[in-house]
Undergrad: 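First the structure, which I've put down as C-alpha cells, then a few questions once you've had a look.
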Protein chains: 2
Amino acid sequence: MNTQQQHLDSKKSCAHDFQVSCGNCRLNSICLPFSLEARDVDELDRIIQRSKPLQKGHHLYREGDGFQSVYAVRAGTLKAYQTTDDGREQVTGFYFPGEIVGMDGISKNVHASSAKALETAAVCEIPFASLERLSATMPQLQRHFFQLMSREITEDQQLITLLSKSSADERVAALIVSVSARNARRKLSATQFRLSMSRVDIGNYLGLTVETVSRVFSRMQKMDVLRVDNKEIEILDLDALQRLAEGA
Amino acid sequence: MNTQQQHLDSKKSCAHDFQVSCGNCRLNSICLPFSLEARDVDELDRIIQRSKPLQKGHHLYREGDGFQSVYAVRAGTLKAYQTTDDGREQVTGFYFPGEIVGMDGISKNVHASSAKALETAAVCEIPFASLERLSATMPQLQRHFFQLMSREITEDQQLITLLSKSSADERVAALIVSVSARNARRKLSATQFRLSMSRVDIGNYLGLTVETVSRVFSRMQKMDVLRVDNKEIEILDLDALQRLAEGA
DNA sequence: AGGGGGGGTTGATGCAGGTCAAGGTGCCTT
DNA sequence: AAGGCACCTTGACCTGCATCAACCCCCCCT
C-alpha cells in the first residue's frame with residue numbers, strides 16, 4: 001500500500017482526523033476565495049501545511065519572531081496580543097475557525113504580535129512566500145488576500161471607534177454580538193455558546209478592567225438580555241443587545 | 001513643438017507644477033517599493049492619474065462610495081473618518097505626503113471611511129484594478145502593497161493599544177511624536193511644525209474631548225516639553241515627550 | 001481533608017477626564 | 001468698524017470606571 005493510499009484510508013476511518021485538503025474542508029467557504037477553480041484549490045493545497053494541534057496556552061508565534069507564514073484557524077480560538085514597553089499587554093484580536101492570523105507580520109517581516117491558543121486549537125500554515133508566488137498567477141487569490149487584509153483594517157478601525165467612543169456596556173455588547181455573528185457564519189448557534197476567553201482577556205481587549213466586565217454581565221443578566229453562567233452565554237434578546245452595542 | 005516637448009518645458013518653468021512622473025517625485029522613496037526598476041516605474045507611471053488639487057474641507061471620497069482607487073498623498077494632509085449609526089464621528093487616521101489612503105475600501109469594494117482634506121492637498125490616484133494587474137507581473141510591487149496594508153494594520157493596532165491603555169497625556173504625546181517622526185521621514189523639521197488638524201480632530205482621533213487636549217497642551221508647555229502657539233508646535237524636549245508617550 | 005491558586009463576583013471609595021459654562025482671539029464678511 | 005463665526009483656553013463641577021479589598025467557587029495538588 002502506497003502512502004497516498006494510506007492517507008485516503010485514514011481520512012475515511014477517523015472523524016477526528018485532520019482535514020486532508022482544502023477541497024473538503026468545511027470552512028473553505030470562509031477562508032478561500034469564492035470563485036477558485038478546483039485545480040487552483042489543489043495548487044493551494046500543495047503549499048499549505050496542516051500542522052499538529054496547538055495546546056491551550058501555547059504560542060503559534062511570538063512578537064519578534066521572523067515572519068514566514070500566515071495561519072488559517074481550523075479549530076479552537078486564538079488571541080493575538082502585543083506587549084508594550086512597560087510590560088502591559090494589549091489583546092488586539094480573537095481569531096475563530098475560518099479566520100486568518102498573522103498578517104501583521106508582513107510589513108516588517110517580523111511578527112508584530114504574539115498569538116496564543118485559548119483552548120486546544122488547530123491551524124493550517126500558509127507559507128507566505130508560496131502564497132505570493134501563487135497569487136501572481138491566480139488573480140482571485142491575490143484579490144482575496146488583499147480583501148482579507150483590508151477586512152482586518154476595517155475591523156481594527158471599528159475597534160478603534162468602540163474604544164474611543166463607547167461606554168463599557170456598549171463595548172461588551174459589541175463583543176458578544178460579534179462572537180454571535182461569527183458563530184452564525186460557521187453555522188453554529190448565534191444565541192448559545194461558550195466564551196473561550198477569560199474575563200481578563202475580554203477586559204484587556206475592550207480596554208476595561210475585569211471588575212467592570214463582570215459588572216456589565218451582571219447588569220445585562222438583570223435586564224434579561226443575557227443569561228451568563230461562567231463562560232456559558234445565552235443571548236435572550238439579540239435585538240436589545242444589538243441596540244445596546246450601537247449605543248441606545 | 002510637440003506635446004512631449006511642451007511637457008518638459010512646463011515642468012522646468014514652474015516650481016508649482018504637478019509632478020510629471022513617479023521617477024522624479026521627491027516622495028518616491030516613501031511611496032514606491034525600494035527595488036523597482038526604472039522601466040517598472042514607468043509602467044506604474046502609466047496607470048497613475050495625477051489629479052488636480054483638493055481644496056481644504058473637500059472630500060477625496062466618502063464612506064459608501066464605490067471603491068475604485070487608492071491614493072498617494074502628494075501634498076497637504078488628509079483625515080480619514082467614519083460616521084457611526086448614531087451620527088458620531090470617529091477619526092481613524094491622518095495621512096501625510098508619501099502615505100497611501102483608501103485601502104480600507106478593498107475588502108467590500110466600497111469605502112469604509114471618508115477622506116477629507118485638512119488643508120489644500122494633492123493626491124495621485126492609483127486605480128486598484130490596474131494595480132492588481134501590474135502586481136501579478138511585478139513581485140516587488142505586489143509585496144510592497146501587502147506591506148503597506150500590513151503596516152496599516154500594525155499602526156491601527158498601536159492606536160488600539162493607545163486608546164485602551166493610555167492616559168490623556170500619553171495619547172497626546174504619542175500623536176506629537178508620530179507627527180514629528182513622519183516629518184523627519186520627509187526631511188522636514190522633527191521639532192518645529194504646524195499641526196494641520198484642529199483640536200477637535202485630535203481629540204476625536206485620540207478619544208478625548210477638545211478641552212482635555214487643550215489642557216494637556218497647556219500642561220506640557222508648563223513642563224517645558226512643548227511650545228504651543230495655536231497650531232504651531234515646537235518640541236523643546238523630544239526625549240521627555242517620547243518617555244511620556246510610552247507612559248513614564 | 002486541607003490548602004493553595006486561578007478565575008469570577010460584589011461593594012466601597014477615589015480620580016481622570018467628561019460636561020457645562022464663560023470668555024478670548026483671529027479671520028471673514030459687510 | 002463692527003458683527004459673526006470658528007477655534008481655542010480655562011475654570012468649576014460631576015460621573016463612569018478604575019482601584020482596592022473581601023469573598024466565593026472550582027479544581028488540582030499533597
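Each chain gets a letter, A, B and so on, in the order its sequence line appears, and its residues count up from 1.
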Undergrad: May I ask you to decide if the ring planes of B/His59 and B/Tyr81 are parallel, tilted or perpendicular, using 30° and 60° as cut-offs?
TA: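 The rings of B/His59 and B/Tyr81 sit tilted, inter-plane angle from 30° to 60°.
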Undergrad: Is the shortest heavy-atom distance from the side chain of A/Gln82 to the side chain of A/Ser114 under 4.5 Å?
TA: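 No; the side chains remain at least 4.5 Å from each other.
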Undergrad: Tell me: CE of B/Met197 to P of D/dC7, nearest whole Å?
TA: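 Between P of D/dC7 and CE of B/Met197: 15 Å.
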Undergrad: Between B/Thr212 and C/dG18, is there a contact of a side-chain N or O with OP1 or OP2 at under 4.0 Å?
TA: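 Answer is yes, contact under 4.0 Å.
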Undergrad: In B/S/- notation, 5' to 3', how is nucleotides 20-26 of chain C contacted by protein heavy atoms closer than 4.0 Å?
TA: B------
Undergrad: Starting at CZ of A/Arg194 and ending at P of C/dG7, how long is that distance when rounded to a whole Å?
TA: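 Going from CZ in A/Arg194 over to P in C/dG7 covers 13 Å.
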Undergrad: May I ask you to evaluate whether B/Ser167 reaches the phosphate of C/dA16, defined as a side-chain N or O under 4.0 Å from OP1 or OP2?
TA: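 For C/dA16, OP1/OP2 do not have a side-chain N/O of B/Ser167 under 4.0 Å.
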Undergrad: Given atom CG of A/Leu206 and atom P of D/dA18, what is their separation to the nearest angstrom?
TA: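 Rounded to whole Å, this separation is 11 Å.
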Undergrad: How many whole angstroms separate atom CG of B/Leu226 from atom P of D/dT9?
TA: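 About 11 Å, once rounded to whole Å.
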Undergrad: Which one of B/Glu99, B/Arg194, B/Glu119 satisfies the side chain to side chain donor-acceptor pair (under 3.5 Å) criterion with B/Thr77?
TA: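 It is B/Glu119, the one option of B/Glu99, B/Arg194, B/Glu119 that forms the side chain to side chain donor-acceptor pair (under 3.5 Å) with B/Thr77.
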Undergrad: For A/Thr209 and D/dT19, is the shortest distance between a side-chain N/O and OP1 or OP2 below 4.0 Å?
TA: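 No, no such contact exists.
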Undergrad: Is the shortest heavy-atom distance from the side chain of A/Gln147 to the side chain of B/Ile106 under 4.5 Å?
TA: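 They are in side-chain contact.
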Undergrad: Rounding to 10°, can you tell me the angle the first-five-pair axis of the helix from C/dA1-D/dT30 to C/dT30-D/dA1 makes with its last-five-pair axis?
TA: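 The helix from C/dA1-D/dT30 to C/dT30-D/dA1 shows an end-to-end axis angle of 30°.
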Undergrad: What's the CG-C1' distance between A/Asn204 and C/dG7, to the nearest Å?
TA: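 Computing the A/Asn204:CG to C/dG7:C1' distance gives 15 Å.
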Undergrad: Without hydrogens or angle criteria, can the side chains of B/Asp169 and B/Ser167 be said to hold a donor-acceptor pair below 3.5 Å?
TA: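 The answer is no; no qualifying pair exists.
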Undergrad: Report which part of the nucleic acid A/Gly203 touches: base, sugar-phosphate, or nothing (heavy-atom distance under 4.0 Å, all strands).
TA: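 No contact at all - A/Gly203 keeps every heavy atom at 4.0 Å or more from the nucleic acid.
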Undergrad: Would you mind reading off the distance between A/Lys165 atom NZ and C/dT19 atom P, rounded to a whole angstrom?
TA: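 From A/Lys165 NZ to C/dT19 P: 11 Å.
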Undergrad: Assess the side chains of A/Asp104 and A/Ser113: does a donor N or O sit below 3.5 Å from an acceptor N or O?
TA: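 Side-chain D/A pair, A/Asp104 to A/Ser113: present.
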Undergrad: Which of these nucleotides, C/dT10, D/dC17, C/dG8, is closest to any side-chain atom of A/Leu208?
TA: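 Nearest listed nucleotide: D/dC17.
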Undergrad: Measure from the side-chain N and O atoms of B/Asn204 to the backbone N and O of B/Glu89, and report whether any donor-acceptor pair falls under 3.5 Å.
TA: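 Between the backbone of B/Glu89 and the side chain of B/Asn204 there is a qualifying donor-acceptor contact (under 3.5 Å).
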Undergrad: What's the CD-P distance between A/Glu232 and C/dG8, to the nearest Å?
TA: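 Nearest whole value for this atom pair: 13 Å.
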Undergrad: If you define the side chain from C-beta out and look only at heavy atoms, does anything of A/Leu78 sit under 4.5 Å from A/Phe94?
TA: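 SC-SC contact between A/Leu78 and A/Phe94 ruled out.
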Undergrad: Are more than 12 heavy atoms from other residues, nucleotides or ligands located less than 6.0 Å from atom NZ of B/Lys56?
TA: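 No, the 6.0 Å shell around NZ holds no more than 12 heavy atoms from other groups.
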Undergrad: Write down the distance between NZ (A/Lys231) and P (D/dC26), rounded to a whole number of angstrom.
TA: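 So the two atoms are 15 Å apart, to the nearest Å.
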